[in-house]
Amino acid sequence: MKNLLLVTLIGLVSNSLSAQKETSDSIVALKEVVVSATLPQVKNVGSVSVVRVRGTILSKMGNASSVLENTPGLHKGSSGIEVNGLGKPVFILNDREIDPDKILDMLRANTIKEIRIDRNPDVTYSATGRPVVEIVPYKPLDDYISLSVGDDMAILRKYSNAANVNVGGQFGKITTTLNYTGGVLRFQNHETYFRDIYHDSYTSVFNQHRIDNNKDLPHRVRWALDYNIGKKHRLGVEYYYQHSDREQRVTGLDYYSGLDNTSENDYESSNNRLANLHNISAQYNYKNGKNSFQIIQDYGYNTSHGTVYSQEGFNLSPVGSYSDGKYNTATTSVKFGTQLPMKISLMSGLKYNYVDNHATSRYENLPSHINGYASTTAVTEHNPQAYVSLSRKISRFTLNAGVRYQYVHRHIVNGLSGGSERIYNQNLSSFFPLVSLKYLGSGTSFYVRYNRSIEQPGFASLNSGLVYNDSLTYSVGNPDLKSALTDAVSGEVNWRNFTFSTSYSHTSNPIVNVSDPNSSETDIVTQHDINFKSYNRLRLALSYSKTISRLNLYVEGAVVIPHGRYTFRGSDLNANRVSFNGNFNANYMINSCLGIFTSFNYQGYNTYLTCAQKPVNNLTAGLVASLLKNRLQINVAFSDLLNGANYNNMTFRYKNVANGTYGSNDQRGLMIKLSYAIFTKKINARASRSNDDTIGRIL
């Protein structure tokens, strides 16, 4: 006799399966159940895009950096991984903010369950208004211990190689992982820096052709441990160490044409820099129903030493630059969540950042026209923050309102070469409100929101000391620099496989780097940051995602309309050139062992006040393979196939100076990432199922 068992899985079609009845009418044993279905790789719910990694081609990419570069809705830009149209996000792993430059290429791709991209985060994470990308790790059911080794190779203009070793284990309530990576990183960049200074009766032209060779011998270690104390409590600790030994050799030719003379000089410089970074973090999480509590304590310590020797032609003495730095930072974060009466959800928290930064600069054989400069800089910063967020769900609608408060106190002491000091204090106090409305329907969802965010000037922008670049260029700080505040309204509609999004922002006191001559008669310029009055930006975008059997497609097109004003050669000019941008991702699993993928990012002519950037594009294509019973993972990618990833084609125009860069990054090349699981040994089974694929993961 056979009975029918109705199985319903979320997002899948219900199926009737055959079950064999055994000795008792009350006991039904399933010999084996296999459910086959096609799940979309991208699911959009309101402002959140959930991208599956586990079980897709993304899990075979090697490390998290490659995963994110090929994740729909993300792309690799000039500043690293960016959310399309929204810039660099906040990265979250295990409920903790991480530094992507340190962690992502140490996190293995097959340990990731999914990527969650939130374009409308609440006030929990920061006052910058940046989107949030959460990396959700996969947690196996069974206890295990595993060991794998890997190697990441890149052949661009130079050959780079980074080997890695990964040890992971789960022992009852304890989960731990140890990652090491080390090798040699090389790259070469060809670039020309130009500067035209428009005087009343003549124009000075200055071109610097450079071939930049870099070599680094990095070593990095990451150790993490989680201890689950029952279902409600979790303790975590993580330690990260990074050693960098960088050598840089720059050669080139300087061309100068001024009022009285024209000259060409050879240029050569060597730069050596040693740096060591230690960072440790401890974390406690509690969750019981709708009540949650979290506390995180981070501490980081960084030391660096650098030397630069530069020779600008044989008629000038070589300049020696020496720098030492010590950087201490401590961050305490506390977060609490609960449900209030009337079904109102509360999330609140406190955050305190402390920074102690000491830097020393020393120069030899500086040109005679440079007199007096800051040789030591000490910066102390206290940054307490507090936030509260309230949300209420009414039927399919969710209303959220929150506010974040931030106070910054900076104390800057510049020690001058003559023995005197300059002391500056900066105090900033701001509120950052956020209001949003979400709707989640069966086939349609949308959100609208308003928020305020801030961009604070960095230490280098405020420091009043001198940084020597060359005999005609040096940088100074601006202690009177203000923070930039942005008010933004944004919205998004998801309908079936389509997403339409729009945003409008107004920035007060935007921060811009400019070059100014010391006087109308000189060709010596100082570079520093200043505040402009305002900048506006409107963005409209439409995207489409679709899963067709083994094929996953994602395409997005966007138009950006900026508006700002700047002064150049006595005229007020508009920075309002429209930009058209686009992204495309596609991947296809040929079979369970072999897949192909491609990604394309196009950024049109981009303007931001004084800066104009020429169009850039980056086309990558590759394949992944799983061999030797899935022990060996191979990712082969060809980058920048159209030779268009030249992000350094920029022109800056302000007052009577036009300067910038043009050159070729030439990111064309081959990248190979290998990972081999030496063993994955199951210690015991804590679930009724035994699945080699489940335990064959390294956290």
Side-chain angles (χ1 to χ4, degrees), residues 10 43-50 86 89-90 92 94-97 114 116-134 136 230-234 283-296 332-352 384-407 429-454 485-494 501 503:
I10 297 175
K43 184 178 181 181
N44 295 312
V45 182
S47 64
V48 179
S49 294
V50 181
L86 299 177
V90 175
I92 302 296
N94 289 325
D95 300 320
R96 175 178 168 266
E97 185 175 344
E114 62 189 24
R116 299 175 62 88
I117 307 169
D118 190 352
R119 293 172 293 277
N120 176 33
D122 58 22
V123 295
T124 300
Y125 296 104
S126 73
T128 61
R130 291 157 57 190
V132 172
V133 171
E134 182 182 3
V136 181
K231 296 181 179 180
K232 301 178 182 179
H233 308 270
R234 180 171 68 88
Q283 178 177 345
Y284 168 73
N285 286 72
Y286 167 80
K287 189 169 184 180
N288 183 12
K290 296 182 178 179
N291 298 316
S292 64
F293 176 78
Q294 178 191 78
I295 182 169
I296 300 175
T332 303
S333 301
V334 179
K335 182 167 64 175
F336 172 73
T338 188
Q339 182 164 306
L340 302 176
M342 301 177 63
K343 298 182 179 180
I344 297 175
S345 297
L346 166 71
M347 184 64 69
S348 61
L350 300 171
K351 187 175 183 179
Y352 175 76
Q385 305 172 42
Y387 63 87
V388 60
S389 178
L390 301 172
S391 63
R392 174 71 160 86
K393 185 176 181 181
I394 305 173
S395 184
R396 296 178 182 269
F397 293 90
T398 301
L399 178 63
N400 175 265
V403 64
R404 189 181 189 97
Y405 172 75
Q406 179 170 290
Y407 174 77
S429 179
S430 303
F431 286 91
F432 306 97
L434 182 148
V435 179
S436 69
L437 177 66
K438 300 179 183 180
Y439 171 82
L440 301 179
S442 57
T444 303
S445 63
F446 71 82
Y447 80 89
V448 293
R449 82 160 181 173
Y450 159 79
N451 74 292
R452 172 175 289 181
S453 59
I454 189 172
L485 293 174
T486 298
D487 293 279
V489 178
S490 58
E492 186 173 284
V493 178
N494 298 294
S501 61
S503 63

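Since this is a predicted model, take the numbers as computed values, not measurements.
- Listed by chain and residue number, Asp487 satisfy the salt bridge (charged side-chain N to carboxylate O under 4.0 Å, His left out) test with Arg452 (two or more places apart in sequence, or in another chain).
- In this structure the side chain of Ser503 never reaches within 4.5 angstrom of the side chain of Arg449, judged on heavy atoms.
- For the side-chain contact (heavy atoms from CB on, under 4.5 Å) test, residues two or more places apart in sequence or in another chain that qualify with Tyr284 are His233, Leu235, Tyr286, Phe293, Ile295.
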(request) For the pair Arg234 and Asp95, evaluate salt bridge (Lys or Arg N to Asp or Glu O under 4.0 Å) and give the outcome as yes or no after the intermediate values. (result) CA-CA 11 Å; Arg234 180 171 68 88; Asp95 300 320; 3.5 Å; yes
When the side chains of residues 337-348 are checked against the rest of the protein, which donor-acceptor pairs come out under 3.5 Å, sequence neighbours left out?
unit_1	atom_1	unit_2	atom_2	d
Thr338	OG1	Asn291	OD1	2.5
Gln339	OE1	Lys290	NZ	2.8

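- Side-chain contact between Lys351 and Ser333: present, with at least one pair of heavy atoms (C-beta onward) separated by less than 4.5 Å.
- Nearest approach of Lys438 to Asn120, heavy atoms of both residues: CE-ND2, 3.7 Å.
- Rounded to the nearest 0.5 angstrom, Phe397 CZ and Phe446 CZ are separated by 5.0 Å.
- Looking at residues two or more places apart in sequence or on another chain, you find no salt bridge (charged side-chain N to carboxylate O under 4.0 Å, His left out) involving Arg404.
- Contacts of Val48 classified as side-chain contact (heavy atoms from CB on, under 4.5 Å), with partners at least two apart in sequence or in another chain: Val50, Arg116, Asp118.
- The two residues Val123 and Gly402 have their closest heavy-atom pair at CG1-C, 4.1 Å.
- Taking OG1 of Thr332 as the start and CG of Leu350 as the end, the distance is 10.5 Å to the nearest 0.5 Å.
- In this structure, CZ on Arg396 lies 11.0 Å from OG on Ser445, to the nearest 0.5 angstrom.
- Rounding to the nearest 0.5 Å places CG of Leu390 at 8.0 Å from CG of Asn400.
- Atom-to-atom distance recorded for Tyr125:OH and Lys335:NZ is 5.0 Å, nearest 0.5 angstrom.
- Between Thr398 and Leu440, the closest side-chain pair of non-hydrogen atoms is not below 4.5 Å.
- Thr124 is linked by a side-chain hydrogen bond (donor to acceptor under 3.5 Å, both in side chains) to Asp122, counting only residues two or more places apart in sequence or in another chain.
- Contact check for Ser430 versus Phe432: side-chain heavy atoms found under the 4.5 Å cut-off.
- Atom CD of residue Glu134 and atom CD of residue Glu114 lie 8.0 Å apart, to the nearest 0.5 angstrom.
- Ser49 pairs in a side chain to side chain donor-acceptor pair (under 3.5 Å) with only one of the listed residues (Lys43, Arg119, Glu492), which is Arg119.
- Using a 4.5 Å cut-off on side-chain heavy atoms (C-beta onward), Tyr405 and Pro384 make no contact.
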